[in-house]
Every structure is written in structure tokens, then in C-alpha cells.
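All remarks here apply to the structure that follows.
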Amino acid sequence: MTSRLINWFKFSSPASFYPLARKISLVSTVIAVVLIAVGLYMSFFVAPTDYKQGEGYRIIFVHVPASWMSMFIYVVMAGWAALGLVFNTRLSAMMAQALAPTGAMFAFLSLWTGSFWGKPMWGTWWVWDARITSELILLFLYLGYMALRAAIDDPRRGDRASAILLLVGVVNVPIIYYSVKWWNTLHQGSTIRMNQESTMEETMLLTMLIMTLGFWAYSIAVAMARVRTVILERERSTTWVRELGGGEI
Amino acid sequence: MIDANTEPSLQIQALCCVRGDRVLFRDLSFAVQGGELLHLKGHNGSGKTTLLRALAGLLLPESGEVRWAGQNIRSLREEYSRHLLYLGHLNGIKGDLTAVENLRISSVLDGLQLSEKRAWEVLGEIGLKGHEDLPSKHLSQGQKRRVALARLLVNRARVWILDEPFTALDVDAVQLLQEVIRQHVANGGVAIITTHQEVAMIGEHTRTISLGRADV
Amino acid sequence: MIDANTEPSLQIQALCCVRGDRVLFRDLSFAVQGGELLHLKGHNGSGKTTLLRALAGLLLPESGEVRWAGQNIRSLREEYSRHLLYLGHLNGIKGDLTAVENLRISSVLDGLQLSEKRAWEVLGEIGLKGHEDLPSKHLSQGQKRRVALARLLVNRARVWILDEPFTALDVDAVQLLQEVIRQHVANGGVAIITTHQEVAMIGEHTRTISLGRADV
Amino acid sequence: MFEPLYWIIRRDLTIAMRRRSDIFTTLIFFVIVVSLFPLGIGPEPDTLRLIAPGIVWVGALLASMLALELIFSADHRDGTLEQMLLTPQPVSLLVAGKVIAHWLVSGIPLVLMSPLLGVQYDLSWEALGTLVVSLLLGTPALSLIGAIGAALTLGLRSGGVLLALLVLPLYIPVLIFGAGAVEATVSGLGGQSHLSMLAAILVASLVLAPLATAAALRVAED
Amino acid sequence: MFEPLYWIIRRDLTIAMRRRSDIFTTLIFFVIVVSLFPLGIGPEPDTLRLIAPGIVWVGALLASMLALELIFSADHRDGTLEQMLLTPQPVSLLVAGKVIAHWLVSGIPLVLMSPLLGVQYDLSWEALGTLVVSLLLGTPALSLIGAIGAALTLGLRSGGVLLALLVLPLYIPVLIFGAGAVEATVSGLGGQSHLSMLAAILVASLVLAPLATAAALRVAED
Amino acid sequence: MAEFFHMGGYGLYVWGSFGVTALFMIAEPLLLRSRGRKIRKRIAHIARIEREVNP
Ligand code: HEM
Ligand SMILES: Nc1ncnc2c1ncn2[C@@H]1O[C@H](COP(=O)(O)OP(=O)(O)OP(=O)(O)O)[C@@H](O)[C@H]1O
Ligand SMILES: Nc1ncnc2c1ncn2[C@@H]1O[C@H](COP(=O)(O)OP(=O)(O)OP(=O)(O)O)[C@@H](O)[C@H]1O
Ligand SMILES: [Mg+2]
Ligand SMILES: [Mg+2]
């Protein structure tokens, strides 16, 4: 029991996590490349043409994984933030910091690909639909987090302030989601609903799943690489970084 | 819960404070007992303010801890604040309130009741006669400092942490303040101060700690 | 237009400053010549800062006037600013800029060009070695003051108006600053300062003016 | 426990009264913003009636957000905030006091003024009633949520704008239910359910926001 | 004469670059405010298209006004403004430099972002073009006029709100012609005449505003 | 081949989505690498100076 605890705390120090992050990053890079390659092949050559939307529907294979990742990453960041506040470990905050740009990127990609889908399907780039609007708000939450981090120079203060923001945000995300949904459905208007075929074809579902896993691996790879950079930037004057001395890093 | 009658004592253990990428001090350990005056010395930028803020619990040190009567001040929180009076580079008074109002508010928040009459008296003592009822933003630099220092005359905290209390004060006020601090220490309180002025801090119970290396 | 070679002289005539309903001083008249150091004394709130701001042209006096080389400074405006260096209770440096950038900017605005190299030298002289390149909001109280005072080393203004320049400075810095002021006066400049600290302001050319009544 | 709460509120109200202009400025900002839209959009009454609930609510939201900037910044700058953190009182209590005082000074006038603006946009009496009630429930929630943002951005140079960025997304549910209540009344559906959602949000933020704000203040003074 | 102008601009741009987040926050505030309205008003595209020019312009106006708060306040607080008044340079020149830097940092991004927001409201390409041009002419005028207000409210506690109060009425002509230009384009009338009015306002404020601002700054430092 | 890129008339939209996604997901690691290089270089630089000053 005790030995396991010690082990856990050992890896919560940036110095010992630094080499580990490299290994994780390398492994997930390989997984990501393989999965995304397979996913892309299936998206274009295996999945059949949709009888209603023609080839246009293929956007789903990037759109949905990007949307899912953007939401998932925010929750993970909030988890790290909570850990950081409770145990006062620097590494947790660094993990949250490392994830944020990737999450924001996926939120943006979700909006972008959604727009590029909406134009041919609905005839407009943008519609104030509930889901779309809450994705936009999620993007704002990411940007707010990053802006707050950037505005505070003292890294420790930045860690704690942005952790509080993340926790407040994550409490709000479900509230925002349901309120937006309600707002939209209550005064219907001319909004065109996303067509929800739950009878999605098996291959399509499988392809989407593979792409999602690929994006997942990609996020882990990038986050680990970024956390290494963040560690170096923030710990550059500590002895362990100095001992690395630019040599074996 | 700390008994109010225990001997007050502040222990600093292996404290290390870092600002940016500069280590201001590391492995700093000492203790201060009731009846002692600690004079913190050091050139500009040696980390005196940083240390005082860490002692007051305003700043989370990089490592090490500060103990009050044996317990870490982080876990004591408000309990420790009850025994503490900190006065920093900023005066901590509201420009829109008069000196009297400022003094009474801070007393209430410190957990004391201060009648209006007593507040006037105290302000008179500290040399603000005739200015008690002026919004304190109109006061001069030194008068503002006096309003802040008036808290020393009503407060019953055991530990005083004063960061350059003498700045902006004229000669009379400096003398008065010295006397007040001496009284406090004589009554068994702890006082930790910094100052660059050559002030005769009286008494056998004065200790000096110097921060900072000789270079820089 | 004032000839840069005329003997600098500041004449104060029947100056009266009022703050709120309090007359701080009235009918104040004196003159300061080049090569003179004027030490303004007075207890807290006696009106020293008010007088200095009036002398710098930042504050419009109730009545009376301030003359530079025979002309009212109100009519001279920028012309007078060219000969003046005022340093108040605030440091006048930007926290987001480094010490070097702060110094260079203020020099350019004063109409001087200061090379980056020279700026580093000057900051080294004033004891900020190793801190030249740090955003100055991270500096300590005394270090910030030093950045502000570095202007004294590069400026060629004839009149220095310094409001408590010694606050927050440590002993070494105080000595250095005294030396710089003495030099300036020896070179025929005018210096008007206030300070509550017992500073040996050297030289035969020191004049003292006291503000404020004994009561209050 | 309520002694310090009372004193904090009293203190902040005294200061606000010394600078009475504060109260009016928030209010007038509200009035001006709401009145700007007809200028930008054009004067057709039908369009205006359609967008009135949204506009009035967005105006109230922006006014309340702007006023929030002041809630801690002055105290931070003059050092009174650091002193507050050092008192033996629980910080979240002091925060609650400050938010209450702030709402009394900046929120209440908005609520009182709103019917007048609603009339400008030709709303019915019933809709005006709902507007007032929705603001009465919504603006304190805005103040509470906004206080978190104000504490987080304390002392940062880009304070005002950053505050907006952090806080506006969090305000969205309040906006939706607030404006939704009025719209539902206008369209004859009744705003009851929206109003109870607003009340629920208010209660939740009353419990959680002071804690988060207190934590953020401690961080800001570090 | 241009040496100090150059240095002031360079100084302010350096500071802005040190805190790059400032630039983005103004921008994102703009985006958020503009996105708030559909949430208050409802998602019908027809209504939204109707009010789009007004909303985008009011959003730009509010964003630019909020950003203005920062233009002198930091300089005032740390004493650099008082030092600027004491330099031998004409104060209106320094003011012009600060406003230019401010517009580069806060105005330009708004102009660049506006087409995207227009797309959200389903505006035509032509209308988007007019929107950009009108903002390009209008936002510098907003900065110049706003600077006067910022100088007048300097150091007052309720700075932000009071500034809004003083400045918004002066902004109204800019708003009317700016949003008017876009609307005229939407309805096929062509926004030419509106745009030339905007240009005239810009020139006038370029000449007068720095002088007024300089005078206001002297008063603020008294 | 051309038919593949034409995507049954949806070419712009499909490639617009996949293209931008690919662009971002390739650019992100590249940007990250340059950021990492910069900090590593700086650390190496400081380490070298330190070795020179006190060997
Ligand atoms: C800017 C526009 C859009 C945005 C921001 C957006 C956002 C999202 C989000 C956040 C999800 C994940 C939701 C969830 O799993 O609950 C999602 C899923 C999905 N979207 Fe979109 N979307 C947009 C446009 C479109 C368009 C135009 C279509 C198709 C016509 C579409 C079809 C789908 C489908 C089929 C799913 C997955 C089905 C599901 O999980 O329910 N989206 N979108
Ligand atoms: N981000 C940072 N990077 C590097 N150094 C920093 C940073 N922040 C603060 N410092 C340094 O930390 C020190 C702060 O010291 P502190 O304010 O405690 O000094 P002090 O002893 O109170 O000085 P003074 O006598 O001038 O008040 C300064 O030397 C400052 O340069
Ligand atoms: N509105 C007002 N009403 C009444 N008195 C005022 C008002 N404004 C300022 N005063 C008084 O004017 C004086 C200001 O003096 P000033 O700041 O010049 O003092 P000083 O000599 O510089 O003092 P210090 O040594 O403390 O810096 C103070 O006594 C203050 O009380
Ligand atoms: Mg200090
Ligand atoms: Mg003074």
C-alpha cells in the first residue's frame, strides 16, 4: 500500500514524469498514425455513399470525433485542476495547461466542419441550433481559460486561478447545455434539425469509432509532448533541468 | 483550537521562497517567542517583503512551513489571523472613508468593537487631530500611513508584522511608533519589522536577521 | 524663449495653496538660484507635496505665481518642462516594461537619446545589476524606486524636484543618491527635495524652508 | 457571524453613497445600451417588439458585468482586500457581504428601471411584470457569478475585457431563462417554468459562488 | 516631432505584445457579445438577418469602449502619465501616439473578425464588404472620441461605467452611419453616402480629439 | 481520380473539412516542436555559459 503511494507521488513530480511523458507520447503517436490512417481509408473507400446526403456525409468522420474530443478534453482538464487544487501538485496544472490548446482546436474544428456540412445540407453556414451554440460556448470557455492563464505571469498563481475557473466552468457546462437546448426547442422557428439516424450503418459507426480512437491517441501524444515543453519552460532553473543541460533532452 | 494563553511562538522551518526563477532564500529556519522583536535586514530586493507575506500566510512558500504554536498556519487559517496584525507597503485604508470609519471597520473585522468616541481618541493620539473626519484620500502620504498605524493602538493581536512602518512618517511619528512597538514587545507580544531607516529599536530583546548575499 | 545659458532661477511669489477648506500656506515667497539645494521641511500633512506639485506646474495654485527665469511657468509650459525633472511619491515607471526600456523611454520623451548600452551602464551604477531585463513590476519596492531615480543620472535638467526620494531605499542607495544630488548642485543645478529621514545633505549651499505651524 | 456581514455591507454602501454617481452610471449605461439598438436597427415597432426581451436582458447583463469590475479592484489596489483576508472572519462571508452590497447598488436600480425601457419597446403590462420578476431573480445570480470572474482577474492589466470573456459564457443560462420568461409571456405561454429555473440558478450560485470567489481572492493576493 | 510619436507608439505596442492576451480578449469580447443576442432573441434566421448590422456595430462599439478604459488608466496609476505631462513634447502629440497604438491593438482585430460574425447572421458578400469598410472608418473615430472620455474619467473610481456614459452619446453618429451603411447595402440602396459621412467624422475627430484629450489629461492630473 | 476529388458535387465541403482538420492536426505538433526546440536551446545555452563561468 505504502509503496504504491510513494510510487504515485514519485510520478507526480515533473522531474520523474518528464521521461515517462516522452515514452507515452511516442507510443500514442504510433497508435494515432495507424488508427487515423485506417480510419481515413475506411471513410473514403469502405463506407458506402449515403443515399440521402450523397458523398457529403463523409464529413461526419471528422466532425463527430472532433466534437466528442472537444467535450471530453474539457472534463479531463477539470479533473486535473481538481487534483492540482487538492494535492497542490504542480504537474496536474501543467497537464491541464497542456491539454487546453488541443481541446480548443477540436472545438474549433467541430464548428468548422459542422459549418462545411451545414452549407450543402441546410444552405447556410450557420444556424443557431442548440448543439451548435453550446459547442460555440465551449470554445469560449477554452479561450477564457487560455486567456486567463496567459494574463497571469506568476505560474503558480496562474495554476490555481485557472484551476478555479475550470471547476466553475465544468459545473456550468451541463447547465449551459440544457438551457441552450431548451431555449432552442421552445421557440422552434425555421431551424433545421440535424438528422438523427440512429440506424447508422455498421461500417459508418465502426469508422467513426476508429477515427475517434485515433483522435484520442493524437490528443494524448500532443498533450504529453506539450507537457514536456511546459515542464522545461517552468522548471528551467531547477537543478534537474540544469543537469540535463540541453544534452539529453 | 489554540489556547489564547499559550506562550505565543512562531516557528519558521526550512522556508524557501522563489520569485520568477530567482531563489530569494532557502532553508531559512528560526523561531520568535513572545517578548521578542525581530528586525529583518537586507538590501533592496533581498526578499524581506516576500518573507513577511509568507509569515502572514498571504503567500504560499515554495517549500517549508510556518508554525504558530506548533501548528502549520495553512491549516489554522482564520484561527491564526486572530492573533496576527500585518501591515504591508500598502496602507489598506479606503480613500472614500474618513479616518474614523476606516479604523472602526478594520476593528470590527478584527473582531473588536470600537466605539466612535474611542476611535477619535486613538486618532488624536497618533497625531491626526483635526483630520479625523476627512475622506482619507485627501490626506497626505504620511497622514495616510498614520491612519493605517492607528490599528496598532487598538489591536490586541500577539504578532505584529510590519513592513517598513516608518516610511513617510515625520520625526515625531517615528518616535511615537517606536514607543508603541516597544510597549507591545514588553507586554509579551511578538513584533517582526523591516526598515531601512536607522531607527533605534530599543531593548535587549531585539534580534536581527539579515537576508541576501553580499553581491548583487 | 529662454536661453539655456541664463542663470537658472526659480522665483516663488506670494504663493497660496488651498486644499479643501484648509489653507496650507499663504504668501509664500522665496527664490532658488543655480547651485543651491533647497530642503523643504515640515510635519506630515504640512503641504510639502502640494508645494512641489505647484512648483512643477502640475497643480494650479490658489494665488501667486511661480517664475522660471522671470516668466510665469504657466505661460512657458513645455518650455519649462525642458528644464525640469520632477519625481513624486509615484515612481512613474511601467510595470510591464523592463528597467532598461523604462529608462530609455523616459529619456526619449525628455528629449535625449540614450543608447541601450548606456542604459545598462546607468542601471548598473544605481545598483540594479542583474535586474535590468526583468519586467519592473517584479522588482521590490526599493528597486522600483531605483529605476525611477536612474533618470537622475542621465538627465540634464537644471531643476530637480524630488519628493521624498529616499523612501524605500537601503543604506547604500541613500548614500549614492546623496552623492548624485550633491554633484548636481555643485554643477550649478537647482535641487528641491523633501525628506523625513535624517540625511546629511552636504554643502554650504543648503537652504531649509519649513512649512506648517507647530500645532496640528 | 452576522456582525461582520452587516459591517461589510454598511461599509460598501457608505462608499457607494459617497460616490453616488456610481449608482447612476450603471443605470444610465443600461439605458443607453438598450436605447442604442433602435438607432442601429431601425425604428420598425414590430421588429422592436420581437427583440425587446433579448435586448433589455442583454443590456442588463452587460451593465451588471461592467459594474462588477469595481467590486474588488479598488480594495485590491489600496490593500484593504489583503487586510480582509487576514481577518479572523471567513472570507466567503465577507465576499457574500460585498456581493450583496454591490447588488443593492447596481442591480436594484436596473430592476426598477426596466419597465420604463420595456414600455419604449411596446411590451404589454404582463410582459413588463415578468421582465421585472425575471430581473429580480436574475441580476443577483449575475452578481454572484460575476464576482468569481472579478476575483480571478484581479490586478490583471486587461481586467475589464478579460472579465467579460470569462464571465459572459457563464451568464448564458441566466440570459436564456430570463429573456425566455419574458418571451414566453409575450407569446402567451406563461413564463412560470423559466422563472423557476432562474430561481434554481440563483439558489445554486448563492451557495457555490462565494466559496469559489473566496478561493480566487486568496490566489489573487498570493 | 515624429521621434516621440514613434517612441510612444512603440512603447505601447511593446506593452501590448508583452500581454498578447489583451488583443485577443477585446476581440473575443466582441465575438461573445455579438453571439449573445441570438440567445436572448431567439434563433430565427430572418429576424437575425434583419438586425445583424445593428448588432455587429453595437458589439464593435462596446468592445472598443471597454478597451478604451485601459488607454490611460494604467499610466495614471503608476505615475507615467504625470511624467508625460512634464516632458517638453506637446501633449496632444503623445495622446495621438497612444490612440494610434490603441487602435492598432484593439480596432484592427475587430475589423478583421467582423466578416465571420456577419456570416453567422447570414449576411450577403456585398454587405460583408460594406461592414468591413464601415468598421475600418468607424473604429478609429471611436478610439479618438473615446480617448476624450477616458481622459475625463481618469482616476475616478467608477471609471468604466462613467466613461460609457460620457462616450456613448458621442458614439451615436458613428453608429448610425456605420450600421446605416450596411443596412443600405442589404436593402440594395448602396452605402456610399453613409461611408463618406463616416470618413468626414473620422477626419474631424482626428483633428480635434487629441487637443481635447490633452486638455482633459492636464485637468485629471491637477 | 477526378471523380474521387469531386465527391459527387460535395468536393469543396468534404475537402474543406478534411483539409482544414488535417492542416490543424499537422500544424499543431510542428508548432509544438519549434516551441520545444526554442526552450531546449535556451537551456543548453545557459548551461554552457554556466559551465564556462564555474567549470
Ligand atoms: C457549425 C455547425 C455544427 C456544429 C458546431 C456541430 C456540433 C456537433 C456536436 C457538438 C456534436 C456532438 C454532439 C453529441 O454527441 O451529443 C455533433 C454531432 C453530430 N453532428 Fe454536428 N454540428 C454542426 C453541424 C452539423 C451538420 C450540418 C450536420 C449534418 C447535417 C451535423 C450532423 C451531426 C451528426 C450526425 C452528429 C453525430 C450524431 C450524434 O452524436 O447525435 N452537424 N455535432
Ligand atoms: N518574476 C520574477 N523574476 C525574477 N525575480 C523576481 C520576480 N519577482 C520578484 N523577483 C525578485 O524578488 C525580489 C523581491 O523581493 P522583495 O520585494 O521581497 O524585496 P524586499 O527585501 O522587500 O526589498 P525592498 O527593501 O526594496 O522592499 C526582488 O529582488 C525581485 O527582483
Ligand atoms: N479636500 C481637503 N480638505 C481638507 N484638507 C485637505 C484636503 N485635501 C488635502 N488636504 C490636506 O492638505 C494636506 C496635504 O498636504 P501634502 O500632501 O502636501 O503634505 P506633505 O507635506 O507632503 O505631507 P507628507 O509628509 O505626509 O507627505 C494634508 O494636511 C491634507 O489633510
Ligand atoms: Mg519590501
Ligand atoms: Mg508628501
- Task: List the steps, then state whether side chain to side chain contact (heavy atoms under 4.5 Å, CB included) holds for A/Arg156 with B/Val18.
- Result: CA-CA 11 Å; A/Arg156 273 188 333 152; B/Val18 177; over 6 Å; no
- Message: Looking at every non-hydrogen atom in both residues, tell me the closest pair between B/Arg19 and A/Asp154 and how far apart they are.
- Response: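 Closest approach of B/Arg19 to A/Asp154, heavy atoms only: NH1-OD2, 4.2 Å.
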- Message: If I measure from the heavy atoms of chain B, does A/Arg157 come under 4.5 Å with its side chain, its backbone, both, or neither?
- Response: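 Neither part, no heavy atoms under 4.5 Å.
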- Residue B/Arg156 excluded, over 12 heavy atoms near CZ under 6.0 Å: no
